[in-house]
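Below is one structure, written out as structure tokens; comments come after it.
Counting begins at 1 with the first residue of the sequence. Remember, predicted model here, so these are calculated numbers, not experimental data.
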Amino acid sequence: MNDLGIGSGMAYEYVVAEKKSAALICKKICLILLYVLWATGFLVVGITTKLLVPLMALVPLTLWILLFLTWRFTVIEYELSFFSGVVTVSRIYGGRTRKKLAEITIRELEGVCPCEEPYTERINAFAHDKEFFAASSPNAPELWAAMGKNEDGTRYILWFEPTEKALKVFRFYNSSAVAAKKNVH
């Protein structure tokens with residue numbers, strides 16, 4: 001282990017929660033409308049088929065199942081896990097469902113820099129095939145970009161909000177690619 005507290009096999013991970021946005025609020029409103037329509041549909045079917053009492057007994061159960069399956073998509077977090085020079089980026093829905101977005105070898109990175117002057121020109125000029133987003137919002141004050149190329153030639157860019165320790169890990173494995181910046185949380 002070196003003086004930064006980073007060893008070749010040590011793991012480090014952190015989570016960034018997605019901030020409330022207009023799209024997220026719209027998604028929540030649409031889901032609430034779906035739940036109301038679901039209950040109303042049961043009521044209408046119950047009245048027209050004269051099975052109102054049995055169907056009304058099913059409404060709470062089916063609504064709970066619908067809520068359980070859908071509401072998690074309104075609470076999104078991004079997890080960045082570092083282990084042995086590899087960053088695994090995952091999206092977590094409702095604290096339960098995890099979807100791996102990318103697995104990036106830090107040594108493959110061509111650049112890791114903040115999304116501010118003088119680096120914006122370099123980021124905009126980077127021609128990428130894939131884009132991965134793992135930050136609280138696209139306008140986050142501490143948004144960084146990690147640009148690289150996979151073994152198969154696919155060029156990608158990862159948008160993320162680093163912690164100081166995350167930047168130390170990036171510097172440990174690929175110091176030439178990481179830009180200097182002092183104010184990181």
Side-chain angles (χ1 to χ4, degrees), residues 1-27 72-95 97-185:
M1 183 167 10
N2 64 16
D3 61 335
L4 298 173
I6 303 165
S8 61
M10 294 191 65
Y12 172 65
E13 63 183 43
Y14 69 97
V15 175
V16 176
E18 187 174 85
K19 289 185 181 174
K20 289 182 182 178
S21 64
L24 187 61
I25 291 169
C26 182
K27 188 186 290 186
R72 74 178 82 185
F73 296 106
T74 64
V75 181
I76 301 170
E77 297 174 322
Y78 298 97
E79 179 185 72
L80 283 86
S81 301
F82 299 81
F83 186 74
S84 294
V86 176
V87 181
T88 304
V89 183
S90 301
R91 184 181 294 136
I92 303 170
Y93 297 104
T97 307
R98 177 183 310 272
K99 179 183 179 188
K100 185 164 87 170
L101 298 178
E103 198 168 87
I104 298 168
T105 304
I106 296 174
R107 294 196 195 281
E108 294 175 347
L109 295 175
E110 297 174 16
V112 179
C113 53
C115 298
E116 59 187 34
E117 290 298 329
Y119 305 106
T120 52
E121 191 174 306
R122 179 180 178 191
I123 295 168
N124 293 335
F126 185 76
H128 56 279
D129 305 313
K130 288 187 177 183
E131 196 169 25
F132 305 107
F133 185 80
S136 61
S137 82
N139 301 324
E142 292 296 330
L143 189 65
W144 281 57
M147 302 161 286
K149 183 165 72 170
N150 287 338
E151 295 166 354
D152 64 358
T154 304
R155 296 173 61 84
Y156 59 85
I157 189 164
L158 167 66
W159 304 98
F160 69 107
E161 291 177 84
T163 61
E164 187 60 45
K165 189 166 183 178
L167 286 178
K168 287 179 183 180
V169 173
F170 278 112
R171 283 188 191 102
F172 180 79
Y173 286 102
N174 192 351
S175 60
S176 63
V178 182
K181 172 124 185 211
K182 294 181 181 168
N183 301 330
V184 175
H185 58 277

*Name all residues meeting the salt bridge (Lys or Arg N to Asp or Glu O under 4.0 Å) criterion together with Glu79; count only those two or more places apart in sequence or in a different chain, and write none if there are none.*
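With neighbours one apart ignored, the set is Arg98.
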With heavy-atom distances below 4.5 Å as the criterion, would you say the side chains of [X] and [Y] are in contact?
| X | Y | result |
| --- | --- | --- |
| Trp144 | Leu167 | yes |
| Ile104 | Val86 | no |
| Glu108 | Asn150 | yes |

When rounded to the nearest 0.5 angstrom, what distance separates [atom1] in [X] from [atom2] in [Y]?
| X | Y | atom1 | atom2 | answer |
| --- | --- | --- | --- | --- |
| Phe82 | Lys168 | CZ | NZ | 13.0 Å |
| Ser90 | Glu13 | OG | CD | 9.0 Å |
| Thr97 | Ile76 | OG1 | CD1 | 11.0 Å |
| Glu103 | Phe132 | CD | CZ | 11.0 Å |
| Thr88 | Leu80 | OG1 | CG | 9.0 Å |
| Leu101 | Glu131 | CG | CD | 12.0 Å |

Grab the two heavy atoms, one from [X] and one from [Y], that are nearest each other, plus how far apart they are.
| X | Y | answer |
| --- | --- | --- |
| Leu109 | Asn174 | O-ND2, 2.9 Å |
| Ala135 | Val16 | C-CG1, 3.9 Å |
| Thr120 | Cys115 | CG2-C, 3.9 Å |
| Tyr14 | Pro162 | OH-CA, 3.3 Å |
| Lys27 | Phe73 | NZ-O, 3.4 Å |
| Cys113 | Ala179 | CB-CB, 3.7 Å |

*Are the side chain of Ser137 and the backbone of Asn139 linked by a donor-acceptor contact shorter than 3.5 Å?*
yes
_side chain to side chain donor-acceptor pair (under 3.5 Å) between Tyr173 and Ser84, worked out_ = CA-CA 9 Å; Tyr173 286 102; Ser84 294; 5.2 Å; no
*Can you pull the ring pair (Phe, Tyr, Trp, His ring centres under 6.0 Å) pairs that have at least one residue in residues 146-165, sequence neighbours excluded?*
Phe160-Phe170
*asked:* Using the rule given for side-chain contact (heavy atoms from CB on, under 4.5 Å), can you reason through His128 versus Lys149, listing the C-alpha separation, both sets of side-chain angles and the distance that settles it, and then say yes or no?
replied: CA-CA 9 Å; His128 56 279; Lys149 183 165 72 170; over 6 Å; no
*Assess the side chains of Ser136 and Glu161: does a donor N or O sit below 3.5 Å from an acceptor N or O?*
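Yes, side-chain donor-acceptor contact under 3.5 Å.
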*When you check the side-chain N and O atoms of Thr163 and Tyr12, is any donor under 3.5 Å from an acceptor?*
yes
*Does a side-chain N-to-carboxylate-O contact under 4.0 Å join Glu110 and Arg155?*
yes
_Thr154: which residues meet the side-chain hydrogen bond (donor to acceptor under 3.5 Å, both in side chains) condition with it, sequence neighbours left out?_
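Here the qualifying residues are Asp152.
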